[in-house]
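Per chain, numbering begins at 1; letters A, B, ... match sequence-line order. All heavy atoms count here, side chains included; hydrogens, waters and symmetry mates do not. Everything quoted here is computed from the prediction, not taken from an experiment.
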Amino acid sequence: MRETLNRDTAINLAILALLVATAVAAHLLGEGFAVTLATKAAIFGLAGVGLNLALGYGGLISFGHAAFFGIGGYVTAILASHAAAGTPVATLPFTVMGSNEMLGIWPMAMLAAGLAALAIGALSLRTSGVYFIMVTLAFAQMLYYFAISWPRYGGEDGLSFYVRNSFPGLNTFAPIQYFAICATLLAVALAFTAVVTQSRFGLALQAARQNSQRTVAVGIRPYAIRLTAFVLSGMIVGLAGSLYADLNRFVSPAMLSWHMSGEIMVFVILGGVGRLCGPVAGAAIFILLEHVLGGISDYWQALLGLLLLGIVLFAPGGLIGIVTKRGRHA
Amino acid sequence: MTRLLELRDVTASYGPVQALFGITLDLDQGEVVALMGRNGMGKTTTIRCISRLMPHSGGSLRLAGRDVAGLSAPKVARLGVGLVPEGRRCFAPLTVAENLTVAARPGPWDMARVCALFPRLQERMGQVARTLSGGEQQMLAIGRALMTNPRLLVLDEATEGLAPVVRQEIWAGVRRLKSEGLSILLVDKSLSEIASVADRAVIVERGATVWQGGIADLTADLTDRYLGV
Amino acid sequence: MLLAEQALNGLQYGMMLFLMAAGLTLVFGVMGLINLAHGSLYMTGAFACAAVAAATGSFWLGLVASLAAAAAAGALVEIAVIRRLYARDHLDQVLATFALILVFSEGTRWLFGSFPLYLKLPGSLSGAVVLPGGLHYPLFRLVIIGFGAAVALGLWWLITRTRLGIRIRAGEADREMIGALGVDIARLYTIVFALGAALAGLAGALVGTIQSVQVGMGEPVLILAFVVVVIGGIGSIKGAFIGALLVGMTDTLGKALLPGLLSRVLDASSANTVGASLASVLIYVLMAVVLILRPQGLFGARA
Amino acid sequence: EPVKVGMITTLSGGGAGLGVDTRDGFLLALKNAGDAGKQVELVIEDDQQKPDVAVQIADKMIQSEQVDVLTGIVWSNLAMAVVPAAVAQDKFYLSTNAAPSQLAGAGCNPKYFSVSYQNDNLHEAAGAHATDAGIGKVFIMAPNYPAGQDSLAGFKRYYKGEVVSEIYTQVGQTDYAGEIAQIRASDADAVFFFLPGGMGIAFMKQYAESGVGKPVIGPAFSFSQDILPAVGDAALGVRNTAQWSKDLDNEANKAFVETFQAEYGRLPSLYAAQAYDTANLLLSAVAKADVGDADAFRAALAEADFPSVRGKFRFGPNQHPIQDYYVREVVREGEVLTNKIIGPAMADHGDAYAEQCKM
Amino acid sequence: MPEPKLNEPILEIRGLRKAFGALLATDDVSLDLRPGEIHALIGPNGAGKSTLIKQIVGEIRPDAGSIRFEGQVIDGLGAAARARLGLARSFQVSSVIPDFTVLQNVMLAVAGASGTVFRFHLPALADRKLTEPALFHIEQAGLAGRHLVPAARLSHGERRKLEIAMALALRPRAFLLDEPMAGMGLEGGRQLTAILSELRNEAPILLVEHDMDAVFALADRISVLVYGRVIATGSVAEIRANPEVRRSYLGEDA
Ligand SMILES: Nc1ncnc2c1ncn2[C@@H]1O[C@H](COP(=O)(O)OP(=O)(O)OP(=O)(O)O)[C@@H](O)[C@H]1O
Ligand SMILES: Nc1ncnc2c1ncn2[C@@H]1O[C@H](COP(=O)(O)OP(=O)(O)OP(=O)(O)O)[C@@H](O)[C@H]1O
Ligand SMILES: [Mg+2]
Ligand SMILES: [Mg+2]
């Protein structure tokens with residue numbers, strides 16, 4: 001037991017180190033775009049880490065996490081575009097000014113995503129299993145269609161804000177510096193997840209996933225536990241959405257689409273459900289494959305599909321499962 | 001008399017954890033054999049190997065002279081092994097009637113005979129198995145196995161959770177089945193009942209057969225040593 | 001009059017949805033398998049129909065081809081991929097069938113090119129008929145209503161009245177146990193999956209005929225089909241049927257009535273856009289409300 | 001030293017047909033130009049029709065591959081995601097198709113040229129045509145997103161009759177029974193619709209089945225060569241508006257249509273024609289100026305000194321085309337369906353946003 | 001909350017009724033559980049014993065009737081709240097957390113009963129406030145040395161023991177045990193009889209059981225439930241002598 005724990009920790013650290021090393025090496029070699037790819041991997045990894053808290057540890061298969069990703073993104077873009085235009089975001093009930101400070105934007109993005117997760121989770125968690133998957137999807141689709149047709153912030157065209165938001169002491173425009181920000185937040189989220197999942201709360205969350213009848217019988221309300229996890233998860237994904245908006249300096253309803261939800265889910269499953277760094281590995285591999293295969297043929301997505309198939313069939317437990325040589329429920 | 005079931009030094013593992021270290025067991029046509037041992041000693045695992053619910057890793061396992069190593073679980077069942085598994089495992093969303101017919105094969109056992117054996121099931125015919133009481137589910141599991149008209153009935157703690165009267169009925173039923181020539185392999189904790197029906201007993205300890213013999217030879221010394229009584 | 005026609009449209013759309021969802025109901029509702037590639041099988045049917053109809057000039061041969069091609073694709077997928085995943089987590093099925101979507105989509109594009117295909121109604125089914133009450137209604141839409149009803153009845157009979165149906169449901173409840181009782185569940189599942197695929201393919205061919213046959217046509221269908229199955233309650237054919245009609249009605253009447261209702265409080269142009277926006281989320285609102293009030297769907301037994 | 005051009009277009013998924021035509025048209029122009037074509041080094045990437053992917057490809061092309069010119073985007077929402085940032089980083093962007101109003105008006109930029117049209121143009125031409133044809137009452141319909149809203153606004157801008165009903169459909173909708181019922185019930189004389197891609201195919205087929213029979217007008221998108229075969233006979237006789245048609249009578253067009261058919265074995269679509277023109281415009285500028293000298297290069301582009309397949313072609317003050325628009329009719333030529341010009345819709349037409357452009 | 005007086009019932013059930021469709025699973029049941037006693041509840045299969053327990057712990061809602069626990073009416077409380085008040089139940093069919101080790105399962109019970117699951121920072125496995133009591137109860141239930149085995153890998157009987165360990169770890173004010181002897185094996189059953197016999201001093205036990213050896217050895221009082229109704233309550237001797245009970249439940253050899 002102790003031994004596998006150490007092994008897991010080593011793998012987790014190795015994955016993170018590999019990601020950082022890739023970015024640094026690319027930077028030194030002058031491959032700016034590779035740094036951007038690594039940043040994208042870190043951001044998607046962060047979104048996956050967020051989803052993993054609900055999905056992997058809590059068993060809450062949400063097909064609607066794009067909602068939080070998109071909300072984080074839109075909050076960022078709206079604040080930034082208002083800051084650029086010098087107009088207030090809202091005047092009622094109190095005046096909210098735009099901002100182009102990441103340190104100011106992140107809490108707002110997380111707050112908005114967290115509130116949305118609270119509302120969506122409170123309703124969705126009345127259901128379970130596949131029904132839960134579908135209700136979360138339904139809520140995300142509502143937001144998606146709303147964003148497409150609401151002209152105020154660009155509708156389907158999306159919203160650009162041209163200049164990346166700023167962070168004190170850093171030049172966020174330099175790819176490597178922005179990578180550093182994202183990677184640091186990823187590390188923080190990982191540490192947070194590691195601590196939370198090993199706490200009493202984490203014990204209860206994982207128990208509620210596997211056997212909610214038993215969890216109730218020992219005096220724990222699974223609903224409260226799950227809702228808390230769902231909100232935490234939504235907040236992390238919201239943060240990822242904010243970072244993604246800044247990476248592209250652009251948001252669009254595509255961030256809210258079910259494809260996005262599906263993709264985040266794929267990162268988690270690909271890397272290994274319920275493994276701390278699984279989503280990071282999953283996102284990194286997915287992006288790498290996308291990038292490498294994209295150059296091979298017009299029909300590269302078919303190749304990607306075949307590779308993913310190979311991984312599911314021959315590597316139960318995801319990529320991390322291959323390394324640790326044991327399945328998910330070993 | 002042909003040998004219906006023959007296990008020689010069977011070993012098996014759950015992943016990396018070995019559970020069976022050498023089970024040896026014989027069961028002749030028409031015989032009732034009791035498999036005994038403390039909790040966690042490998043009784044259920046032995047039965048899972050016989051039903052091909054898991055592969056054995058060593059030794060030999062023959063059913064009616066056939067090596068079962070290459071067979072699938074449905075094949076073995078169709079060769080005549082009727083399993084009443086530990087924990088009942090009724091099909092929860094199916095009704096009692098559906099549970100009984102789902103795997104039925106032609107033979108002397110049909111709906112009417114099963115209902116005669118367990119009138120309670122008759123009463124609950126249209127109810128889904130999920131909502132049956134524990135004992136009702138147990139009856140259903142036995143009925144379901146009988147409906148496949150097996151040559152060898154395998155009962156893994158089939159009287160667990162049954163009211164004393166019903167338990168007596170089931171033992172009476174087992175005796176009746178035996179008298180009709182059905183072969184039975186059973187796991188149970190009631191020594192007196194086993195003594196009344198079994199021909200022979202096999203005792204397992206830590207995944208290996210430690211004693212095998214006629215039921216009359218099962219001394220208090222043995223039961224004390226291996227079963228803790 | 002218009003309202004009557006719209007109600008008929010709602011019914012017709014519901015039937016169309018049921019057709020699209022029928023294969024999914026079988027595979028997902030009854031076998032318990034999350035098959036995201038359902039839409040791909042739908043697309044396979046449509047492409048097979050279009051290709052064969054173009055080559056032979058017969059829509060009916062195309063229809064047969066759609067059934068055959070989708071069933072074959074389904075059987076192949078089951079044997080090569082799905083079969084290895086029953087014992088695994090639902091999530092592995094999600095990843096695997098997501099991968100299958102990519103393979104199917106790009107494979108189809110590779111075979112048939114990037115442009116939409118032509119598929120048209122045979123003369124015997126095209127044109128409009130006059131219904132009692134003087135309503136002109138396209139014949140083909142009536143045919144779809146007929147197909148939908150027939151498939152619903154057939155499925156219901158298969159699942160609840162045949163031993164095959166009982167065995168499938170038993171297999172979903174406890175796969176290992178049904179095997180231990182002597183039922184070769186692996187073969188059974190291949191058959192059922194192929195049947196589900198064939199239904200998806202048939203729907204693709206029928207519906208594709210009056211829509212467009214192109215890569216990606218299956219994706220919206222997938223989500224809609226899931227919505228229908230879930231509203232009705234997983235595992236219930238009756239539920240899927242009623243869910244489909246409900247979604248069809250809600251969608252059609254919502255689109256028809258909302259802008260009008262809103263124009264009483266908003267100016268015409270914004271009533272139109274806002275109304276259309278609301279109409280597009282209406283089925284999701286419906287689903288969310290149904291599930292929040294009845295977490296197991298309208299006719300679902302399991303929560 | 002050749003000019004490096006980055007093409008971002010849709011090469012996978014459901015929308016790939018448009019991207020493939022864009023790419024093929026562009027490549028054909030380079031090929032037809034012979035040695036001059038070698039002056040352009042082209043890198044092509046698939047945007048998967050996702051805006052965020054398009055942004056990242058643009059970043060990559062600008063940062064790592066140091067392209068001088070970007071082009072190729074099919075969809076407006078992707079263009080809105082890429083173009084402003086690209087021109088802000090001093091790259092030229094030549095649009096082969098998408099030309100949203102924001103980039104024509106206040107958001108115009110010296111480095112941004114639309115070689116196709118302004119998004120509203122085809123709809124405006126349809127409006128003008130409906131007026132000319134004496135259609136008194138019309139039923140208009142488009143999907144509920146910005147391009148759809150612009151389309152109906154564009155139509156109404158030049159339509160002088162009465163709009164009896166204005167309907168927004170769902171994005172991606174494939175069943176139009178409800179809308180067709182409303183059309184039937186309305187007292188409109190004709191229907192104008194903008195439904196790109198599969199939406200248009202589905203609508204046209206269902207409309208033909210319904211027996212409603214009111215004449216239909218639309219922009220060229222639902223009747224372009226890429227999807228016309230899929231719509232089939234249902235499209236026969238439909239009037240649609242475009243700035244180009246395969247039967248436009250000029251040398252450049254004849255050569256284009258001929259070589260395109262020879263090279264790819266199919267008829268070119270509007271998107272192919274626009275990309276072909278874009279490539280030729282680029283080549284004309286490359287011949288005159290060094291891309292490193294931005295002002296000179298821009299001036300060379302603005303001259304639009306190239307043989308356009310549209311015949312007449314010049315840029316307006318916001319660097320969007322001022323050109324003629326035609327009414328086409330869908331006809332059958334032997335086995336294939338295609339378009340034939342039946343008359344002018346608007347002449348020397350610019351766009352409604354040029355005034356807001358301060359450049 | 002008023003301190004319950006000595007010998008006043010800890011658990012009082014009055015007029016409980018529950019119907020499933022046409023079936024009256026619980027038919028006007030009234031029952032007490034007094035301090036220090038083992039009150040056995042026996043009856044034929046399907047009589048409604050488990051249904052009664054489920055109503056007491058709040059898993060299903062009765063159609064009518066009321067339940068009072070330590071002087072407080074608990075009808076409005078959810079199942080988790082009742083568990084935290086000190087109503088511990090064990091399941092007829094083992095219900096454990098499969099991927100958790102035996103230790104984690106029991107720790108969960110310790111944490112749950114103390115109402116401290118909303119702690120996010122301390123690693124639970126290193127928390128001696130959880131591990132020490134958990135290990136104690138694991139040993140008590142006869143699973144010593146198996147604490148690092150995942151519950152999914154336990155044999156049936158071992159899982160039954162884990163079920164007991166978790167009930168013990170809740171340190172409740174009353175135990176509701178649904179067939180704890182089932183699957184235990186001879187030795188395990190004997191050990192459990194000894195444990196329960198001691199346990200009654202800690203908290204009273206409502207014991208549903210078909211193992212008559214255990215019931216007769218342990219029970220202070222026995223109630224017999226048939227078709228949802230309590231047909232008799234009395235001492236071991238009284239019940240054994242009751243002809244109706246002998247016929248409908250015990251059979252010839254009691
Ligand atoms: N699914 C499993 N995975 C891993 N190990 C298992 C599994 N099932 C049982 N074991 C282990 O195999 C051994 C034998 O278990 P088995 O179930 O055969 O015992 P048993 O004799 O039937 O006991 P009981 O009387 O408690 O039912 C035990 O040590 C148990 O821990
Ligand atoms: N949800 C339900 N729907 C319909 N009937 C039910 C439901 N739950 C239980 N029943 C029925 O109620 C009766 C009482 O069931 P219960 O489980 O309480 O019996 P029990 O006394 O515990 O029996 P056993 O000793 O066999 O466990 C049974 O006939 C059972 O089939
Ligand atoms: Mg066992
Ligand atoms: Mg019970």
Exercise for the section: Walk me through it: do C:Ile82 and C:Thr97 pass the test side chain to side chain contact (heavy atoms under 4.5 Å, CB included)? Expected result: CA-CA 8 Å; C:Ile82 308 286; C:Thr97 51; 4.1 Å; yes
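None of B:Leu153, B:Leu117, B:Val197 except one satisfies the side-chain contact (heavy atoms from CB on, under 4.5 Å) rule with B:Leu177; the exception is B:Leu153. With B:Gln138 as the partner, the side chain to side chain donor-acceptor pair (under 3.5 Å) test is satisfied by one option alone out of B:Glu160, B:Glu157, B:Arg88, B:Arg167: B:Arg88.
Taking the centre and axis of the six-membered ring of C:Tyr189, the NZ or CZ atom of C:Arg175 falls inside the cone set by 45° and 6.0 Å.
Interface remark: C:Arg163 contributes side-chain atoms only to the contact with chain B (heavy atom separation under 4.5 Å). In this structure, no portion of B:Val76 lies under 4.5 Å from any heavy atom of chain C. Both the backbone and the side chain of B:Thr101 have a heavy atom closer than 4.5 Å to some heavy atom of chain C. Contacts of B:Arg52 with chain C are absent, with no heavy-atom separation under 4.5 Å from either backbone or side chain.
Most heavy-atom pairs under 4.5 Å with chain C: of the set B:Leu53, B:Thr148, B:Leu83, this distinction falls to B:Leu53. Put simply, of C:Ala186, C:Ala173, C:Gly179, the one with the most heavy-atom pairs under 4.5 Å next to chain B is C:Gly179.
Looking only at distances, a side-chain donor or acceptor of B:Thr131 sits under 3.5 Å from a matching main-chain atom of B:Val128.
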